[in-house]
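Comments concern the structure below.
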Amino acid sequence: MTNTRSTYRAAVIGVSSGGWNALKTILGVLPEDFPLAIMVVMHRHPHSDDYLEKSLDNDCAVRVKQADEKESIISGTVYFAPPNYHLLIEDIHTLSLSVAQAVNYARPSIDVLFESAAYVYGDTLAGLILTGANNDGAGGLKKIKDMGGLVLVQDPETAEASAMPRAAIAATDPDFVLPLGEIGAFLKDLVRDS
């Protein structure tokens, strides 16, 4: 059954292989006054710098930054998990970073972010799995669905690496499976009337 709720407060995105192009495509169409906060886990090398965030911040109207410990979540901002840190959402709508053990061989783990966000935001959360070469995020996306949130998956046919979207589709019944080129516009429409 499709979630038809019109009031969302946050979105979470999980992405791995091929993520740079996918994120640029989606975030690039969002307006400066986009009303949701977006938290992103992208698998990358543990010693990566913040070039990705700075480049996207430069190219996109929404603010893009690396998440900081105990930072308050602000709408219209895209927060990336720093390399080698899990990103979690706390009950008081702040961000938390953790160096706990890897989950699904990944730190940051998409599942860790998605599950913590599902408990905090419930049915006001939208979760999105994009291109990737493993199954991280499938369990977390199911948790978002179980808590009443909206579940979106990139059409595997449009993904540079289709394993992650396919695993997400197998784990839960997505509300929408969309080609990459339509996801940004979908997110804008999703919040237009909220």
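Counting begins at 1 with the first residue of the sequence.
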Return the minimal non-hydrogen interatomic distance between [X] and [Y], and the atom names on each side.
| X | Y | answer |
| --- | --- | --- |
| I38 | L30 | CD1-CD1, 3.7 Å |
| P46 | P83 | O-CB, 3.5 Å |
| P82 | L97 | CD-CD2, 3.6 Å |

Short question: side chain of S16, backbone of H43 - any donor-acceptor pair under 3.5 Å? no

task = Ignoring hydrogens and angles, tell me if any N or O in the side chain of D175 forms a donor-acceptor pair with the backbone of L152 under 3.5 Å.
result = no

Going by salt bridge (Lys or Arg N to Asp or Glu O under 4.0 Å), name the pairs with one or both residues in [range], residues two or more places apart or in two chains.
| range | result |
| --- | --- |
| residues 126-138 | none |
| residues 94-120 | none |
| residues 154-168 | E157-R166 |
| residues 69-91 | K65-E71, K70-E90 |

Apart from Y119 itself, members of its ILVMFWY cluster (side-chain separation under 4.5 Å) are M147

Grouping ILVMFWY residues whenever side-chain heavy atoms fall under 4.5 Å, the cluster of V103 otherwise contains L88, V112

**Within 6.0 Å of OH in Y85, more than 12 heavy atoms from elsewhere** = no

Taken in chain and number order and not counting sequence neighbours, the residues that satisfy side chain to side chain donor-acceptor pair (under 3.5 Å) with S17 are none

Taken in chain and number order and not counting sequence neighbours, the residues that satisfy side chain to side chain donor-acceptor pair (under 3.5 Å) with T131 are none

Rounded to the nearest 0.5 Å, how far apart are [atom1] of [X] and [atom2] of [Y]?
| X | Y | atom1 | atom2 | value |
| --- | --- | --- | --- | --- |
| L36 | I73 | CG | CD1 | 12.0 Å |
| L128 | I110 | CG | CD1 | 10.0 Å |
| L95 | I89 | CG | CD1 | 5.0 Å |
| K54 | N58 | NZ | CG | 11.0 Å |

[Y] side chain reached by [X] side chain, heavy atoms, under 4.5 Å:
| X | Y | value |
| --- | --- | --- |
| D57 | R63 | yes |
| P108 | L87 | no |
| I129 | F114 | yes |

Membership question, hydrophobic clusters at under 4.5 Å side-chain separation (ILVMFWY): are V12 and I74 in the same one? yes

Point to revise | Same cluster (ILVMFWY, side-chain, under 4.5 Å), M42 and Y51 | key: yes

The ring-ring contact (aromatic ring centres under 6.0 Å, His included) partners of Y121 (sequence neighbours excluded) come to H93

What residues form a salt bridge (charged side-chain N to carboxylate O under 4.0 Å, His left out) with [X], not counting sequence neighbours?
| X | value |
| --- | --- |
| E182 | none |
| E32 | none |
| K143 | none |

Could you walk me through whether H86 and S98 pass the side-chain hydrogen bond (donor to acceptor under 3.5 Å, both in side chains) test, one step at a time? CA-CA 5 Å; H86 292 305; S98 167; 5.5 Å; no

